[in-house]
Amino acid sequence: MVDGNIILSVAKAMELLQLLSRSKKPLSLKELSAQCGYPKSTVFGLLTTMRTYDVVTQTPDGKYSLGLRLFEYGRQVERSWDISLVARPYMEHLCQQTGASVALSVCEGGSVVTLDQAETRGGLHIVSDVGSRLPLYCTSQGKVFLANMSRAGAEALLRAQPMTQFTPHTVTDPSALMREIETCRTNGYAIENGEYKIGLRSVSAPVYTVEGKAAYAVGVIGMFRSPHSEEFRAAVEQVCVTASMISTALGYRKQEETL
């Protein structure tokens with residue numbers, strides 16, 4: 001049966017998969033039929049077909065749950081993703097919106113590593129070269145990663161490295177920095193106010209993977225007049241929206257969306 005371009009039997013099978021994915025326990029044929037509203041004979045036929053392809057499995061007591069094949073499919077999709085390819089269009093749009101340089105970063109070995117960058121044409125080269133390592137404690141990207149660690153984990157990383165005074169604004173007191181990290185965690189973003197390089201300010205936000213891990217940070221770096229300026233406040237909002245869109249493109253869904 002076809003409704004426009006939608007094959008109804010496939011749509012019904014997808015509905016069953018969604019029900020099973022949302023359930024915290026295997027479901028019986030009766031429960032699935034009641035939740036989706038389809039006759040038990042229809043649900044049984046769909047489940048039997050999906051069992052053949054191992055996307056659904058049946059427990060010893062006759063109930064149904066997601067099959068191992070879906071895990072294999074998910075791993076294959078994950079392997080096919082290149083974070084830079086996924087994020088690039090969003091980074092370029094953010095660059096055009098703010099007129100500032102954009103960086104995509106990852107935390108590795110206690111440092112921030114630049115994975116990709118987007119810069120305005122004819123503008124100053126502000127973002128560090130791809131592959132460059134930056135300190136965690138005085139960059140907005142680094143603060144994002146610290147804010148998404150446990151307090152004990154963040155403190156351990158800070159103790160393991162020297163906190164160099166790069167500018168008069170660099171915070172080198174771990175206690176003071178941890179208070180700022182708590183604010184970053186509450187706000188959902190982090191800012192740098194001339195702490196790494198004089199005259200430069202930045203804002204970054206976390207990018208989440210499908211598993212809910214803050215694996216990346218995206219942010220803008222520029223010669224903003226002040227963190228209280230209208231242009232900087234606009235950049236904060238745009239960075240947060242961009243980070244959310246990239247996260248969604250990677251398959252991340254907020255907890256309340258999956259309930």
Side-chain angles (χ1 to χ4, degrees), residues 91 94-95 97-120 123-207 214 216-240 242-243:
M91 293 173 62
L94 180 61
C95 184
Q97 278 185 310
T98 61
S101 300
V102 178
L104 178 70
S105 309
V106 66
C107 181
E108 183 180 275
S111 300
V112 173
V113 179
T114 304
L115 294 179
D116 199 5
Q117 56 182 310
E119 294 189 278
T120 56
L124 295 174
H125 180 78
I126 293 177
V127 180
S128 298
D129 293 333
V130 172
S132 298
R133 289 183 175 269
L134 302 174
L136 283 171
Y137 63 94
C138 60
T139 59
S140 62
Q141 306 99 302
K143 293 176 191 177
V144 163
F145 294 122
L146 290 170
N148 282 276
M149 299 176 189
S150 66
R151 183 179 180 87
E155 289 176 338
L157 267 183
L158 294 175
R159 285 196 301 269
Q161 57 184 276
M163 296 179 70
T164 304
Q165 184 89 40
F166 289 102
T167 78
H169 306 294
T170 308
V171 179
T172 57
D173 174 26
S175 297
L177 184 62
M178 287 308 299
R179 288 194 293 272
E180 183 180 351
I181 295 305
E182 289 299 326
T183 301
C184 297
R185 185 178 290 115
T186 300
N187 291 340
Y189 63 85
I191 66 171
E192 171 199 338
N193 187 15
E195 298 150 56
Y196 183 54
K197 290 185 178 180
I198 289 289
L200 291 184
R201 294 181 173 89
S202 70
V203 55
S204 297
V207 173
Y216 311 99
V218 65
V220 296
I221 303 99
M223 294 181 177
F224 296 100
R225 289 171 294 170
S226 161
H228 305 293
S229 66
E230 184 176 339
E231 61 175 351
F232 192 83
R233 287 198 298 269
V236 169
E237 182 177 351
Q238 291 157 349
V239 165
C240 290
T242 299

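Computed over heavy atoms, backbone and side chain alike; hydrogens, waters and symmetry mates excluded.
In this structure the side chain of His169 reaches within 4.5 angstrom of the side chain of Ile198, judged on heavy atoms. Residues Gln97 and Val220 are not in side-chain contact: their nearest non-hydrogen atoms beyond the backbone lie 4.5 Å or more apart. Side-chain contact check for Leu200 versus Met223: some heavy-atom pair is nearer than 4.5 Å.
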Checklist entry - How far apart are the C-alpha atoms of Thr139 and Ser202, what are their side-chain angles, what is the distance that settles it, and do they pass the side-chain contact (heavy atoms from CB on, under 4.5 Å) test? => result CA-CA 8 Å; Thr139 59; Ser202 70; 5.9 Å; no
Next on the checklist: Would Thr170 and Thr164 count as a side-chain contact (heavy atoms from CB on, under 4.5 Å) here? Give the steps.
Outcome noted: CA-CA 8 Å; Thr170 308; Thr164 304; over 6 Å; no
Next on the checklist: Set out, in order, the CA-CA distance, both residues' side-chain angles and the distance that settles side-chain contact (heavy atoms from CB on, under 4.5 Å) for Phe232 and Ile191, then state yes or no.
Outcome noted: CA-CA 10 Å; Phe232 192 83; Ile191 66 171; 3.8 Å; yes
Next on the checklist: Please determine whether side-chain contact (heavy atoms from CB on, under 4.5 Å) holds for the pair Leu158 and Met178, giving the CA-CA distance in whole Å, both sets of side-chain angles, and the decisive distance to 0.1 Å.
Outcome noted: CA-CA 10 Å; Leu158 294 175; Met178 287 308 299; 3.9 Å; yes
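Shown here for Phe166 and Tyr196, the closest heavy-atom pair between the two residues is CB-O, 3.6 Å. Across Ala243 and Ala205, no two heavy atoms sit closer than the pair CB-CB, 3.7 Å.
Arg151 places no side-chain N or O within 3.5 Å of a backbone atom of Glu182 that could act as its donor or acceptor partner.
Rounding to the nearest 0.5 Å gives a distance of 9.0 Å between OH of Tyr189 and SG of Cys184. Atom CG of Leu177 sits about 9.0 Å away from atom SG of Cys138, to the nearest 0.5 Å.
For the pairing with Arg185, the side chain to side chain contact (heavy atoms under 4.5 Å, CB included) check across Ile181, Thr183, Asn187 returns one residue only, Ile181.
A salt bridge does not link Lys197 to Glu192: none of the charged nitrogens lies less than 4.0 Å from a carboxylate oxygen.
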